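Numbered from 1 within each chain, the chains take letters A, B, ... in sequence-line order. These numbers were taken from a predicted model, which means no experiment stands behind them.
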Amino acid sequence: MPDDSIKKAPNFIRNIIRKDLETNKWDGRVQTRFPPEPNGYLHIGHAKAICLNFGLAREFNGSCNLRFDDTNPLKEEEEYIHSIIEDVKWLGFDIEGHVFYASDYFQQMYDYAVELIQKGLAYVDDLTADEIREYRGTLTEPGKESPFRNRSAEENLDLFIRMKNGEFPDGSKVLRAKIDMSSGNINMRDPVMYRVLHASHHRSGDQWCVYPMYDWAHGLEDSIEHITHSICTLEFEDHRPLYDWYLDALKIHHPQQIEFARLNLTYTIMSKRKLLQLVREGHVNGWDDPRMPTISGMRRRGYTPEAIRSLAERIGVAKRDSMVDMALLEFCVREDLNKNAPRYMGVLNPLKVIIINYPDHCEHLDCVNNPENPESGTRKVPFSREIYIEREDFREDPPKKFFRLAPGREVRLRYAYFIKCVEVIKDKKTGEIQQIHCTYDPATRGGDAPDGRKVKATLHWVSVHHALSAKIRLYDRLFTIPDPGNAEKDYLEYLNPGSLKTVEARIEPSLQGIEPGTRIQFERKGYFCVDSDSKDHRLIFNQTVTLRDTWAKLEQKK
RNA sequence: UGGGGCGUGGCCAAGUGGUAAGGCACGGGGUUUUGGUCCCCGGAUUCGAAGGUUCGAACCCUUCCGCCCCAGCCA
């Protein structure tokens, strides 16, 4: 229901499902699944797949299984299972209280393998891994048959049972499907179904010492769960004939596999291996570092589930390789946060202003919490003779089109008064501006001039003696080039050294006690999220994204 | 020289024989107590290229060109 506002564009998978519903191909059912391997954290690319699978199920009154494809105990860990479940839920999808595991089907998969052996469609091969590779042939040359290919069903069954019973060492034998060693599709050249692995599985423990390969296992998982549409990424297109072959050989429920192009985003990487390397080598501070394209990283950064779902809908679903502009993600984030994030004032790089004709006292001014949502009300913010403004909001020698404060110029302090700069105080040695003196017009209280005079800029501010200190982390793109994963040099060469900058900011006192995870806007600066490490006595904010800044863009052009 | 896919504006992407949706980005204008938001307006004589079929083609046919994936006992 949270997605009613997001317009659904047609895509080829939705079209297939519509047609299937019309023809009653699956008795009106839509059953999808999201099948991650628990060997890493989910990233924005997975989010696309999650939105697709869960979204389609929701749209057509079907359901979607969160299923762990945990068939390789060597790479999988419990930790990843927890993070994946958390991420799927956070994205706003309902797993209906069930989590599915491929490992729960190990016995049934084994039984099906026995069936194939009995049908003469699978055999135990004693070739070594190297030999299997040699026998496989190449992309242009056909492979050749293993000398063990024509063992009797009885012998194969005996051997396979003994493989399962742990009689053979790792790597000594495999079970293979007997298909076609000369197929142009390498996946069909007698693919391995089972390997011997004396490894402890995070769920099934030491119960098994043969583990199924992806192609064999995946179709069975789908079949067992009565999946109707098995949606996966493009690289599995070549595997579809094998997916079909296994299910046809067994004559069991046979879902339709449909492939779509995975998501690529500019200025980041999506490879699990590379993401893991960034974490392990300390280039970032963990999987949930706000610079990471992981769901946990984006959550900590302040991105919302709504924004990510909106992105997934806007980018569409197709079969061509593409590279989505990070600007689109940022747009989605701003779109959501603009509507929902309460506004506050915070000065990231303070410059002291003394209002010389303002009395030595304090008054509390009304500030609107969110102009996009009048119901969010107002709050009082203390104002006094000494305030901070943003250093970049003052120019002693303003360039053309710079509307902000400058000597002799009048601007508005948001929700406060008009002030005019009358003096600039500089450090005699360095020439650095230390503070500026202004006068204010008492008649403009609240920010409106009764005489109707206009001012070209409105500045945010904070009272020196009331302000809180806060640590603010400013994030920029993790990499310096759009496609670091496919560049000349190693992707690590393109890490952006300025991707994280920390500043000590002065912020309005109403932020005292704000809860970790809260998303706000610092007016005129951007959206920020209270970090999970933030404490009442030590507030920490992560910059989610800046506001659109046409002035900065103008200046950059020069 | 094998097999499987894909080519529509800067980035995504609808469209599947009737004369190029939409979004982001970009540019221009308006409103504005955030140079934010919001609101207008602007853009492909053209759909990888060349032929062909047709009254009519991005959609059908042919050839060519380009890009991606596949030779794990990973998923």
Side-chain angles (χ1 to χ4, degrees), chain A residues 7 9-11 35-37 39 69-72 74-76 125 127-129 132-134 136-143 170-176 182-189 191-197 210-211 213-215 217-218 232-241 259 261 266 272 311 313-332 334-335 338-339 343 345 368 371-372 401-404 412-416 418 444 446-449 455-460 482 521-526 546-554:
Chain A
K7 290 167 198 73
N11 68 56
E37 182 186 17
N39 68 345
D69 205 356
D70 54 351
T71 57
N72 184 358
L74 268 21
K75 290 189 175 176
E76 296 152 10
D125 197 348
L127 256 29
T128 65
I132 286 181
R133 189 180 314 118
E134 277 177 44
R136 188 154 32 226
T138 68
L139 294 179
T140 52
E141 301 161 52
D170 288 4
S172 60
K173 284 181 168 49
V174 291
L175 182 72
R176 293 229 253 169
S182 64
S183 171
N185 181 348
I186 288 179
N187 294 300
M188 299 300 272
R189 319 242 261 231
V192 172
M193 295 165 63
Y194 276 96
R195 72 278 210 184
V196 177
L197 227 48
V210 290
Y211 288 94
M213 297 289 292
Y214 169 84
D215 289 300
H218 205 86
C232 62
T233 45
L234 248 30
E235 68 271 26
F236 293 103
E237 209 148 18
D238 297 342
H239 296 242
R240 184 168 15 124
E259 310 84 12
T266 55
K272 271 192 184 181
L311 175 81
E313 200 51 54
R314 286 167 186 277
I315 59 178
V317 179
K319 296 193 71 156
R320 73 181 78 116
D321 293 311
S322 60
M323 176 71 68
V324 172
D325 195 335
M326 181 71 88
L328 181 58
L329 208 209
E330 294 180 341
F331 168 83
C332 294
R334 290 189 184 111
E335 181 186 44
N338 174 53
K339 278 181 301 189
R343 268 112 243 231
M345 290 194 281
V368 173
E372 300 299 313
K401 292 188 178 169
F402 180 89
F403 306 145
R404 280 108 96 145
R412 170 168 42 233
L413 292 176
R414 180 143 235 228
Y415 302 126
F418 283 13
T444 57
D448 278 313
V455 89
K456 292 187 89 170
T458 300
L459 271 39
H460 58 99
Q521 181 193 112
F522 277 126
E523 294 221 20
R524 302 208 307 134
K525 297 310 292 183
T546 61
L547 252 35
R548 229 177 115 228
D549 191 344
T550 47
W551 165 244
K553 213 176 289 172
L554 246 180

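Nucleotide B:G2 forms a Watson-Crick or G-U wobble pair with B:C70, both donor-acceptor distances falling under 3.5 Å. The partner of B:G27, taking Watson-Crick or G-U wobble pairs whose two distances both stay under 3.5 Å, is B:C41. Partner assigned to B:A14 is none, using Watson-Crick or G-U wobble distances below 3.5 angstrom.
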side-chain hydrogen bond (donor to acceptor under 3.5 Å, both in side chains) evaluation trace for A:Arg414 with A:Thr458: CA-CA 6 Å; A:Arg414 180 143 235 228; A:Thr458 300; 5.9 Å; no

CA sep, side-chain torsions, deciding dist, call: A:Arg314, A:Phe331, side chain to side chain contact (heavy atoms under 4.5 Å, CB included): CA-CA 11 Å; A:Arg314 286 167 186 277; A:Phe331 168 83; 3.6 Å; yes

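Both geometric conditions, a ring-centre gap below 5.5 Å and a plane tilt below 30°, are fulfilled for A:Trp551 over the base of B:G35.
Here the nucleotide nearest the side chain of A:Val324, chosen from B:C12, B:G35, B:C24, is B:C12. Side-chain atoms of A:Lys319 lie closest to B:G5 of the nucleotides B:C73, B:G5, B:G36. Here the side chain of A:Thr140 is nearest to one of B:G2, B:G23, B:C73, namely B:G2. Nearest nucleotide to the side chain of A:Asp69, out of B:G5, B:C24, B:A75: B:A75. Listed nucleotides: B:C69, B:C68, B:U8. Nearest to the side chain of A:Arg320: B:U8. Listed candidates were B:C74, B:G3, B:U34. Nearest to the side chain of A:Asn185 is B:G3. Picking from B:A71, B:U34, B:A75 the nucleotide with the shortest atom distance to the side chain of A:Glu523 gives B:U34.
Base orientation of B:G72: syn, since the glycosidic angle falls within 90° of 0.
The line from CZ of A:Arg195 to CG of A:Asn72 is 5.0 Å long, rounded to the nearest 0.5 Å. Atom CG of A:Asp125 and atom CD1 of A:Ile132 lie 5.0 Å apart (nearest 0.5 Å).
OP1 or OP2 of B:G72 lies within a sub-4.0 Å distance of a side-chain N or O belonging to A:Arg133. A:Thr128 has no side-chain polar atom (N or O) that falls below the 4.0 Å cut-off from OP1 or OP2 of B:C73. The phosphate of B:G72 has OP1 or OP2 within less than 4.0 Å of a side-chain N or O from A:Arg136. Note on A:Arg195: a side-chain N or O is less than 4.0 Å away from OP1 or OP2 of B:A75. At B:G35, one or more side-chain N or O atoms of A:Arg524 fall inside 4.0 Å of OP1 or OP2 (strictly under the cut-off).
Among the atoms of the strands shown, none is found under 4.0 Å from any heavy atom of A:Met188. A:Val196 comes within 4.0 angstrom of no nucleic acid atom, judged by non-hydrogen atoms across all strands. Residue contacts for A:Tyr211: at a heavy-atom cut-off of 4.0 Å it reaches no nucleic acid atom on any strand shown. Note on A:Ile315: only backbone sugar-phosphate atoms sit closer than 4.0 angstrom, heavy atoms only; bases stay farther off. Across all strands, A:Ile132 comes closer than 4.0 Å to base atoms (heavy-atom distances). Among the protein residues, A:Thr550 comes within range of the sugar-phosphate backbone only, with heavy atoms under 4.0 Å from sugar or phosphate atoms but none that close to a base. Looking at heavy-atom distances under 4.0 Å, A:Arg548 makes contact with sugar-phosphate atoms alone, never a base. Nucleic acid contact class of A:Pro142 (heavy atoms, under 4.0 Å, all strands): none. Counting non-hydrogen atoms under 4.0 angstrom, A:Glu372 reaches a base of the nucleic acid. Residue A:Val174 is classed as a base contact, given a heavy-atom separation below 4.0 Å to a base. In this structure, A:Phe418 reaches neither bases nor backbone, as no heavy-atom distance under 4.0 Å exists between it and the strands shown. Base engagement by A:Lys401 is indicated by at least one non-hydrogen atom pair under 4.0 Å involving a base atom. Heavy atoms of A:His239 sit under 4.0 angstrom from at least one base atom. A:Leu329 comes within 4.0 angstrom of nothing in the nucleic acid, heavy atoms only.
Rounded to whole angstrom, the span from the CZ atom of A:Arg240 across to the P atom of B:C69 amounts to 18 Å. In this structure, the CD atom of A:Glu235 is 9 Å from the C1' atom of B:A75, given to the nearest Å. A:Glu259 places its CD atom 14 Å from the C1' atom of B:G3, with the value rounded to the nearest Å. A:Arg189 has its CZ atom 13 Å from the C1' atom of B:G4, to the nearest Å. Atom NZ in A:Lys553 sits about 14 Å away from atom C1' in B:G28, given to the nearest Å. Here B:C68 presents its C1' atom at 11 Å from CG of A:Asp238, a figure rounded to the nearest Å. Between the CZ atom of A:Phe236 and the P atom of B:G72 there is a distance of 15 Å, rounded to whole Å. Rounded to an integer number of Å, the gap from NZ of A:Lys456 to C1' of B:G36 is 18 Å.
Looking at A:Arg343, its side chain never comes within 3.5 Å of a backbone N or O of A:Glu523 through a donor-acceptor pair. The backbone N or O of A:Asp325 lies less than 3.5 Å from no partner atom in the side chain of A:Thr266, so there is not a single donor-acceptor pair.
Salt bridge annotation for A:Glu37-A:Lys75: absent, with no cationic side-chain nitrogen under 4.0 angstrom from a carboxylate oxygen.
A:Asp549 contributes no side-chain N or O that forms a donor-acceptor pair with the base of B:G35 under 3.5 Å.
Across every non-hydrogen atom of A:Ile315 and A:Leu328, the tightest pair is CG2-CD2, 3.8 Å.
Ranked by how close their nearest RNA chain B nucleotide is to the 5' end, A:Asp325 and A:Arg414 are led by A:Asp325.
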